[in-house]
Every structure is written in C-alpha cells, then in structure tokens.
Amino acid sequence: MPELKNSEVIERTVTYVKGKLSGEGSGHDWWHVYRVWKMAKTIAIKYSCNLLVVELAALLHDIADHKFHNGDTSIGPKVAKEWLSSLKVPEEIQEHVAQIIQDLSFKGAHVKTPMQSIEGEIVQDADRLDAIGAIGIARAFAYGGHASRELYNPEVPPSLHDSFDAYKNDKGHTINHFYEKLFLLKDRLNTDVAKEIAIERHQFMKEYVDRFLQEWEGEL
Ligand code: ADP
Ligand code: NI
C-alpha cells in the first residue's frame, strides 16, 4: 500500500473511531472525541507543533480507556499503535501518538501527569477542557450513572488521592468527583490558550455545585 496522505489518515481514523465509540453512554463517546479533536486543533494553531500528531492523538486518545478495561493503561496506546501501523503511518508518529495516550490521563489530585511534548500538552489540555464547564457537568453525571454511582452522599467526603491506584479504585459519588478532579483541572493545564478558556468553565461549574448543595438542604 502506498503511503497515505495526511488527510486520508485522518479521515480513515475518524471513521474507525466513530465506529468504535458511537453510542457509548458514559461520556467517552465519539462526540467527546470530536470535541477534543476540534479543541486540540483550535489550540494547536497557536503553537508550532506537528498537527498530524495532535489530531491523531486526539482522535485515538479514548479508543480503549483504562476505565473500561480493568484499569489496564497499556491497552489504549497498544490499540492506537496497531491502528496506525495498519495505515503504514511512519513508526516515529506511531510511537509519539502512543506515548501521548499513555501519559494523558488524570491520575489523582497529588499525582503529577507531565506530558513529554507540546503535542501531548495540547491534547491533554483539550481532553481536560471537555471535563469542565457545562459539558463537564453532563459528562460527570453520565459517567456516574454508567458506573452506578450515587449523585451525592453528604456522608462520604472527598479524598485527594496520592496514587493512581487509590484514585482508580475509589467508588465515591459524583459530587466528590468535582472536588477530586474537576475543580483541580484549571490549575493543571499546560497552554495559555487552554488556561484562558478554562476560567469561565470553572466558574460555571463552581456555581452549579454551590446551587446543587443548597438545593440538597432545601435552602434554595
Ligand atoms: P481522563 O483520561 O483524564 O480520565 P477522560 O477523557 O477519560 O479523561 O474522561 C474523564 C471523564 O470521565 C471525567 O472528566 C468525568 O467526566 C468522567 N469521570 C471519570 N471518573 C469519574 C467519576 N468517578 N465520577 C464521575 N465522572 C467521572
Ligand atoms: Ni477523553
């Protein structure tokens, strides 16, 4: 097979990811990937970077998420690499995309998640922006329902996890997820473009949770 043009690699990858993730019900569906892809491109045009790597990593970042594979973080990068290899994408691009997917995820309040390239920083920011704001709220409750979590339980306080294992194994209610991850994300972004976008999304989410807690106690 002759080498494909970049646009063909992207097109085929879109079709592949759509096929795999369409109709998924936990907030990790094709439309999450679509938003991350678009946002990653919006950020990427402001930086000098390899756009093909950004787009492929954004499109493939949730192709086999550890949350749905018994916590196995090696499966996502592996599946992505196999796909890119089947398209005969150059080895170095396969490796770079796999590395980004490997490093991307949030792993707990006290666990650092550094990215190794500007392309990785951009995709991580785009993924994190989709976890906050109006869409972030919707995704958190969608995931909570999917994982049979309570909406809220005032008897279970949040915990700021020291390890990825502790974070992964926590089965707490969804309001805790705001304190354990979502409210922390604005200070865990890499690019100035993403930090700017995060300001209003963060504020909106804060107001939402404040109202939620007041309504819970019959105060509003
Ligand atoms: P990451 O790889 O950083 O976990 P994802 O793109 O896989 O990012 O999406 C994570 C999103 O899934 C969260 O932002 C949230 O919307 C949802 N999610 C994950 N864990 C929980 C949880 N315990 N409670 C509620 N939502 C969760
Ligand atoms: Ni994601």
Side-chain angles (χ1 to χ4, degrees), residues 17 20-21 24-40 43 54-77 79-80 97 99-109 111-115 120-153 156-161 164-190 194 198 201-202 204-205 208-209 212:
V17 177
K20 279 222 159 194
L21 299 182
E24 202 274 350
S26 77
H28 294 78
D29 59 334
W30 156 250
W31 294 112
H32 161 63
V33 171
Y34 170 86
R35 294 187 301 269
V36 172
W37 176 38
K38 295 284 150 157
M39 179 60 80
I43 301 172
V54 168
E55 292 196 55
L56 290 174
L59 286 168
L60 291 164
H61 84 278
D62 272 337
I63 196 70
D65 192 287
H66 68 84
K67 288 189 277 307
F68 312 109
H69 292 86
N70 293 320
D72 182 352
T73 50
S74 67
I75 186 155
V79 171
V97 170
Q99 185 67 50
I100 291 173
I101 297 171
Q102 178 75 45
D103 296 339
L104 197 75
S105 273
F106 187 81
K107 299 184 174 68
V111 186
K112 288 206 167 82
T113 46
M115 300 305 289
E121 290 183 332
I122 289 168
V123 179
Q124 188 181 56
D125 281 0
D127 191 32
R128 290 183 171 179
L129 286 172
D130 204 56
I132 64 175
I135 287 175
I137 295 167
R139 290 183 70 220
F141 288 105
Y143 183 90
H146 187 84
S148 305
R149 307 284 173 82
E150 290 177 302
L151 296 179
Y152 175 50
N153 183 339
V156 182
S159 41
L160 298 178
H161 303 101
F164 189 27
D165 274 342
Y167 173 74
K168 274 193 303 205
N169 294 327
D170 195 317
K171 302 273 183 283
H173 57 85
T174 299
I175 288 292
N176 269 356
H177 193 64
F178 288 82
Y179 295 93
E180 293 170 356
K181 174 181 179 186
L182 307 183
F183 289 154
L184 311 176
L185 289 180
K186 77 167 174 39
D187 295 322
R188 309 250 321 225
L189 295 168
N190 307 297
R201 293 191 184 197
H202 177 83
F204 181 78
M205 212 168 43
Y208 172 81
V209 172
F212 183 106

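Both ligands and their constituent atoms are indexed starting at 1 by order of listing. Only this structure's heavy atoms are used, side chains among them; waters, hydrogens and symmetry mates stay out.
- Distance check: Met115 CE to Ile122 CD1 gives 10.5 Å after rounding to the nearest 0.5 Å.
- Across the listed options Arg188, Glu180, His177, His177 owns the non-hydrogen atom lying nearest to atom 20 (N) of ligand 1.
- Under 4.0 Å is where a charged nitrogen must lie from a carboxylate oxygen, and between Asp165 and Lys168 at least one such pair does.
- Between Lys107 and ligand 1 there is no heavy-atom distance shorter than 4.0 Å.
- Residue contact annotation: Gly27 has no non-hydrogen atom under 4.0 Å from ligand 1.
- Ligand 1 has Leu182 within reach: a non-hydrogen atom of the residue lies less than 4.0 Å from it.
- Scanning the protein heavy atoms around atom 23 (N) of ligand 1, the nearest turns out to be Arg149 NH1, 2.9 Å.
- At the shortest separation from atom 2 (O) of ligand 1 among protein heavy atoms lies Ser105 OG, 2.4 Å.
- Nearest non-hydrogen protein atom to atom 5 (P) of ligand 1 is His28 NE2, 3.4 Å.
- For Lys181, the heavy-atom gap to ligand 1 drops under 4.0 angstrom.
- Close to ligand 1: Lys67, with a non-hydrogen atom less than 4.0 angstrom away.
- With ring centers used as reference points, His177 lies 6.0 Å or more from Phe183.
- Distances from the Ni ion (ligand 2) show that His28 has no N/O/S atom below 2.8 Å.
- The closest approach between Asp127 and ligand 1 falls below 4.0 Å for a heavy atom of the residue.
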